[in-house]
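Data first, discussion second: the structure below is written as structure tokens.
The chains referred to below are lettered A, B, ... by the order of the sequence lines, with proteins before strands, and numbering in each begins at 1.
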There are 4 protein chains.
Amino acid sequence: MRSYRRVDGRKTRGDRRKQEIVEATLRVIEREGVAGVSHRSVAREAGVPPASITYHFPALDDLLVATLVTAAAEMAARTGDVIESSRIKGSGPAGAVAEMLADALGPSRGRTAALHELYLLAARRPALRPAARLWIDVLTSLGRQPDEVGFRAFLAAIDGMLTQGLIDDEPPTAAELLPVVEHLLAPLR
Amino acid sequence: MRSYRRVDGRKTRGDRRKQEIVEATLRVIEREGVAGVSHRSVAREAGVPPASITYHFPALDDLLVATLVTAAAEMAARTGDVIESSRIKGSGPAGAVAEMLADALGPSRGRTAALHELYLLAARRPALRPAARLWIDVLTSLGRQPDEVGFRAFLAAIDGMLTQGLIDDEPPTAAELLPVVEHLLAPLR
Amino acid sequence: MRSYRRVDGRKTRGDRRKQEIVEATLRVIEREGVAGVSHRSVAREAGVPPASITYHFPALDDLLVATLVTAAAEMAARTGDVIESSRIKGSGPAGAVAEMLADALGPSRGRTAALHELYLLAARRPALRPAARLWIDVLTSLGRQPDEVGFRAFLAAIDGMLTQGLIDDEPPTAAELLPVVEHLLAPLR
Amino acid sequence: MRSYRRVDGRKTRGDRRKQEIVEATLRVIEREGVAGVSHRSVAREAGVPPASITYHFPALDDLLVATLVTAAAEMAARTGDVIESSRIKGSGPAGAVAEMLADALGPSRGRTAALHELYLLAARRPALRPAARLWIDVLTSLGRQPDEVGFRAFLAAIDGMLTQGLIDDEPPTAAELLPVVEHLLAPLR
DNA sequence: AATGAATGAGCATTCATTCAT
DNA sequence: TATGAATGAATGCTCATTCAT
């Protein structure tokens, strides 16, 4: 039993293909929603034979879990970047959150919608719950006092703003979002 | 071309069957989610032949729209009842909203989940948008000043609390929700 | 809800197709064994689209049950014929049974093998048990005293001779079988 | 070209793994029937990679042959034990055979069913015929005069009793089987 | 000697929809 | 007005087998 994982940390052929499949899945969800994910649609998108999907992800749920984990990680990174850059601009915490939301609902809208759908799917599929927690952690990391009433309200509102923003036809601007975020953060000072 | 709808307002046989089909659809969504809705699954649930579904609802989207309208109306009625009864108990607006949420996430959890899924589907299917607005109106009717920043925060938070409550394993109690609702309503006095 | 079954007893279109499918299934089993039965193989053999199989026989087991019933009925009829014609020839009960066995293992070998496989499948699939009983009844009808020890031995031996005859490369002749059948029937006089 | 089989008769690593695979195959057949045998199902049961099956048994038939040989040998040993112990109890040849059958259809039912399925498969797969003969030899060894009519009847009946016993829901007891066996052996005294 | 990776073919089954009746 | 019958397309998934390592 010898492993093909390289000692130097580089990925094996299989790992690389797994990553390609996950990324193709994300593109499918962006385009057609979670309902559009099937062995065949992902295989078509990734340019691999359908049996290759089942080989690397024995059940379709396994693929969704891997995709949710990847998407949450990517979104966390992107959120970190946006907040960092708004810190440099000196727009304060409310500005940072508003810009994060505007980015999520504007330029990153597709990814956000994909992530949101996967996150909501956890309500029906217990297998996705642990992975969904990763995204909740991203949101939680936006604040510091998870037990405070005000912070719970803030968290719920962020979630609701994302939901509503995704249903609206036009994405909101950071300027439109800012007063609401400020209102929510004010009691937390 | 003659209409079968009676002048006296009583429903024709066809209308009654349409209603049965819509109710069967709601039960299917509660049990298996929107993804579980098909001509056949609904027909099985309603005890009618599959072709009967296509006959009354030419496309599947027509059925989903009718179901969303019915579910939103039912939920609005139920919300009205809960708020009315909490008014009698004298628990104030915050108490009323907290009890509405606890009811939606507890006893009415199945219906809430079904409605929420249909509501989110509107993001992908424009045909459902007008019907989805009905549910938004229910939420909006909980407050009075739709233009205020505080109210927008409140609305978003209600939405987020419903989303998070549906993903959590255990439904929250009204007592747990009350302080958050009070916190959100306080600036609106 | 009106039925398409003709008042005059003639079969509906659906019934006719069901019969064609069952007969195609029998041919597939003769050629490739029960293991060769699939929606696709039967559809190919019957010259109908695969979905037609599922329409008329929701699960594959339903098709196997219908096939077992038909095959047992056909074999019962054939057995009756052989025994009747041997009675005319005056060869007595033992001769009749020997000729039945020779026919089953010779000219009707394919059908016998098919029926036998279906019959044995009942050991694994409870759904086939009631239908398998039909074939047992055919064998039982060869004798009259089902409770007698001698008759139980006779029945078991008939079954065993069929099994062994199907495994042997060359089918046995009635003349070869006759003494064994006589030996088994002797104590039953 | 050098052989790894040790001169001293001890098994090489490869031989041990082959044996493990055969035993896993037997367990699969007991549980799901011959139809459940595949490279993958056996590999799962044995806890080895699928390619290991193909490596040791180039075609699936090779695996089935090896399994049939092993199963027949095991059953022969078990039959010998049962007959020996019934000889000690002094229950005579008929008692010995009845107890062998009761054991085969009761405690050893799973193995018997597996062996029987493999044995019948020989009717379709010529590659299994030589191995199937081993099991026939076990049955034959129960008697001494293979040419006698009475013995042919006895052999066929043993086979039929096994078949019928496997299809019945409840295994028969030795006491129930004894009179039939005595009836069959009586003329052979 | 042994096994990860891969894949084309096939599986049972469900589907939305059409159409003759 | 309703519904049995029908079907092409798609679903998730398993399969035997090959091959590079």
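If you find the closest nucleotide of DNA chain E to B:Thr54 and to A:Pro49, the one lying nearer the 5' end belongs to A:Pro49. Residue order along DNA chain F, read from the 5' end via each residue's closest nucleotide, puts A:Pro58 first among D:Pro58 and A:Pro58. Nearest-nucleotide positions on DNA chain F place C:Tyr55 closer to the 5' end than the other of A:Pro50 and C:Tyr55.
Rounded to whole Å, atom P of E:dA5 lies 14 Å from atom CD of A:Glu20. When rounded to the nearest whole Å, the span between CG of D:Asp15 and C1' of E:dA2 equals 15 Å. If you take CZ of A:Arg16 and C1' of E:dA6, they are 14 Å apart, rounded to a whole angstrom. Distance CZ (C:Phe57) to P (E:dT14): 16 Å, rounded to an integer number of Å. Summarising the geometry, the separation between CG on D:Leu63 and C1' on F:dA16 is reported as 13 Å, rounded to the nearest angstrom. Nucleotide F:dA2 holds its C1' atom 7 Å from the NE2 atom of B:His56, rounded to whole Å. Between the CD1 atom of D:Ile53 and the C1' atom of E:dG4 there is a distance of 15 Å, rounded to whole Å. The nearest whole Å value for the distance from the CD1 atom in B:Ile21 to the C1' atom in F:dT3 is 12 Å.
If you check residues 26-41 of chain B against DNA chain E, the residues with a heavy atom closer than 4.0 Å are B:Val37, B:Ser38, B:His39, B:Arg40, listed by number.
Of all non-hydrogen atoms in C:Leu68 and C:Tyr119, the two that sit nearest each other are CD1-N, 4.4 Å. Shown here for D:Leu64 and D:Leu118, the closest heavy-atom pair between the two residues is CD2-CD2, 4.0 Å.
Atom NE2 in C:His56 sits 5.0 Å away from atom CD1 in C:Ile21 (nearest 0.5 Å). Note: D:Leu60 CG to D:His39 NE2 = 4.0 Å, rounded to the nearest 0.5 Å.
Within the shown strands, F:dT3 is the pairing partner of E:dA20 under the Watson-Crick or G-U definition, both distances less than 3.5 Å. When both distances must be under 3.5 Å, the Watson-Crick or G-U wobble mate of F:dG12 is E:dC11. Remark: E:dA1 base-pairs with no nucleotide; criterion is Watson-Crick or G-U wobble with both hydrogen-bond distances under 3.5 Å.
Exactly one residue among D:Glu32, D:Glu30, D:Glu117 makes a salt bridge (Lys or Arg N to Asp or Glu O under 4.0 Å) with C:Arg124. That residue is D:Glu117.
Put simply, B:Arg44 has a side-chain N or O that comes within less than 4.0 Å of OP1 or OP2 on E:dC15. Regarding contacts with the backbone of E:dA6, every side-chain N or O of A:Ser52 stays at 4.0 angstrom or more from both OP1 and OP2.
D:Thr70 places a side-chain N or O within 3.5 Å of a backbone atom of D:Ala66 that can act as its donor or acceptor partner. A:Thr67 places no side-chain N or O within 3.5 Å of a backbone atom of A:Thr25 that could act as its donor or acceptor partner.
Nearest to the side chain of D:Arg17, among E:dT14, F:dG4, E:dT3, sits E:dT3.
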